[in-house]
Amino acid sequence: MATPVKAASTALLDWHVLGKIVEVSLALGLGLVVMVALTVVASDRATRPSSSLAVRVAGWCATVVCLGAITAAVVWGILTITKKA
Amino acid sequence: MHNSIVLALVVVVALAFDFTNGFHDTANSVAPTIATKALSPRLAVALSAILNLIGAFLSLKIAATVASAIVDQTHVTLAVVFAGLAGAICWNLTTWYFTLPSSSSHALIGGVIGATFAAAGSGAVLWHGVIAKVAVPSIIAPVIALVVAGLATRICRGILTAADAPARGIGMRVGQIGASSLQSIAHGTNDAQKTMGVLTLALVANGTIAAKAPTPSWVIVVCAAAMALGTFIGGWRIIRTMGHGFTELDPVAGVAAQVSSSVAILSSSHFGLPLSTTYVATGSVIGTGVATKGRVVRWALAGRVVIAWLTTLPVAALVGAAAYGVEALLGATAGTVVLSVVVAIYAGGLFAMAKRNPVTSTNVNEPWSSELETAEVNS
């Protein structure tokens, strides 16, 4: 016996897939924008002449981590493009 | 001989559609970049054109299924393909003239539905597919994009208060260019392949190639080139609407809109339920305006665009059906020749009328004229 969700999916749309799209769009969309913003803030702190050595080191580390995350997301994007069904 | 003439005209019209698709959809990936001056207008469309070209070659898994879930493929003939393309081109050019962003893919689907309906009746149209693959995603896409872009804008603004203005400027510029580039590649892959699929379908229908034959190299090259050329020409009228019409974009809003759009488009593609790039990009831009206190969002314009979206499928279908009717009346060869001339005249007329009120790379960033729109300010 079909569950209401399955029945609805058959009738109109695959709500499970749609839910996944919403989840990923929210998580990745917000995550990426946060990463871009954090990269800007971290690199700004790392390059400010008034920043202490510890702040500079932390700033550069955070910049590298954020850029790594952004690069990973871009690679995922390109893989998605090339592997699309 | 007759088949060769029809096939040749189908190829020409398919490439014309691909071209209109390129310049119609340029706005989706470059409008925020141009509006925020992250790149100059000409450089932005040139970069987008190159990336569209690269994207078209990135994945050669042909999207011949552009209409497979929408109509019964056994009824797709050269005449149907031609009529469908004619409907899509007319709609694309009409919405371009009226500066309205709308989905080229949905126009193509609408044209094919109309032509198939006229050729084989309603039983040949897979209505469930139309609802599940076109109608419902059309409603959902801009809503998802609006919410994600709105939240992203708020969060990004909050975080960036901790950074100096020069650092913010450089960071947001780089972020926008990156997101815009990713969108351009994705567009080249998705949309150029739709035309490749249509052309392959036409070649199979004509018996030029076998049903399971790989897509000829020349099809891939000409489709990629037509899309890139269309992108390079730049649909400035729509770029202006996307970049300045709905709301004014600043660099933070530009990044939020473009990153949100890229992620929504790629994730939907990844999960096999592609959302319209145009609807996602429009929703994202409006979302940034909604999330920014005091920012003008021109809901009257948004309403007109929604009406255009709602009418895309039926109008393209009506034109597609009418085009098929002409072909049926005059015969395939004479019908396609006459229709080609009619479409060319219609296109020429719209281009001539557009020259009376031209939007080009030189005036695309001029302030939106408030007398044309009813502006509402968010409280």
Side-chain angles (χ1 to χ4, degrees), chain A residues 7-51 55 58-60 62-63 66-67 69-85, chain B residues 55 58-59 61 63 65 128 131-133 135-137 140 144-145 147-149 151-153 155-164 166-168 170-172 174-175 178-179 181-182 185-186 188-190 193 252 255-256 259-264 266-275 284:
Chain A
S9 298
T10 309
L12 201 63
L13 191 64
D14 191 336
W15 293 103
H16 176 70
V17 167
L18 190 66
K20 285 280 179 199
I21 293 170
V22 172
E23 272 175 33
V24 172
S25 295
L26 268 172
L28 262 181
L30 297 183
L32 253 179
V33 168
V34 166
M35 285 297 145
V36 171
L38 286 178
T39 305
V40 172
V41 172
S43 61
D44 179 44
R45 292 294 161 90
T47 53
R48 270 186 198 174
S50 57
S51 296
V55 170
W60 282 121
T63 303
C66 292
L67 283 177
I70 293 167
T71 306
V74 170
V75 169
W76 171 80
I78 291 171
L79 285 176
T80 300
I81 293 167
T82 54
K83 283 164 53 180
K84 77 178 185 60
Chain B
L58 264 186
S59 170
K61 196 156 190 171
T65 54
H128 176 266
I131 294 169
K133 298 275 182 187
V136 176
I140 290 163
I144 293 174
V147 171
V148 176
L151 288 171
T153 305
I155 293 168
C156 198
R157 283 196 202 289
I159 294 171
L160 285 173
T161 53
D164 286 344
R168 272 205 306 266
I170 295 168
M172 292 299 100
V174 171
S181 300
L182 202 58
I185 294 174
T189 309
N190 284 322
Q193 288 194 34
V252 175
V255 166
V259 169
S260 306
S261 295
S262 302
V263 169
L266 290 171
S267 61
S268 66
S269 184
H270 177 73
F271 288 111
L273 185 71
L275 301 177
S284 293

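Every chain is numbered from 1, with letters handed out A, B, ... down the list of sequences.
When heavy atoms are compared at a cutoff of 4.5 Å, B:Leu182 approaches chain A by way of both its backbone and its side chain. Only the side chain of B:Ile155 comes within contact range of chain A, with heavy atoms under 4.5 Å apart. Neither the backbone nor the side chain of A:Ile70 comes within contact range of chain B, judged by heavy atoms closer than 4.5 Å.
Distance alone, capped at 3.5 Å, places no donor-acceptor pair between the A:Arg45 side chain and the A:Ser51 backbone. Of the possible donor and acceptor atoms, none in the side chain of A:Ser43 sits under 3.5 Å from a partner among the backbone N and O of A:Thr63.
Taken to the nearest 0.5 Å, the CG atom of B:Leu151 stands 12.5 Å off from the SG atom of B:Cys156.
Remark: B:Ser261 engages B:Ser284 in a side-chain hydrogen bond (donor to acceptor under 3.5 Å, both in side chains) (not counting sequence neighbours). In terms of the ring-ring contact (aromatic ring centres under 6.0 Å, His included) criterion, A:Trp60 has no residue partners (sequence neighbours excluded).
Options B:Pro166, B:Ser181, B:Ala163, B:Gly178 differ in how many heavy-atom pairs under 4.5 Å they form with chain A, and the most are formed by B:Ala163. Note: A:Val34 leads A:Val22, A:Val34, A:Thr39 in heavy-atom pairs under 4.5 Å with chain B.
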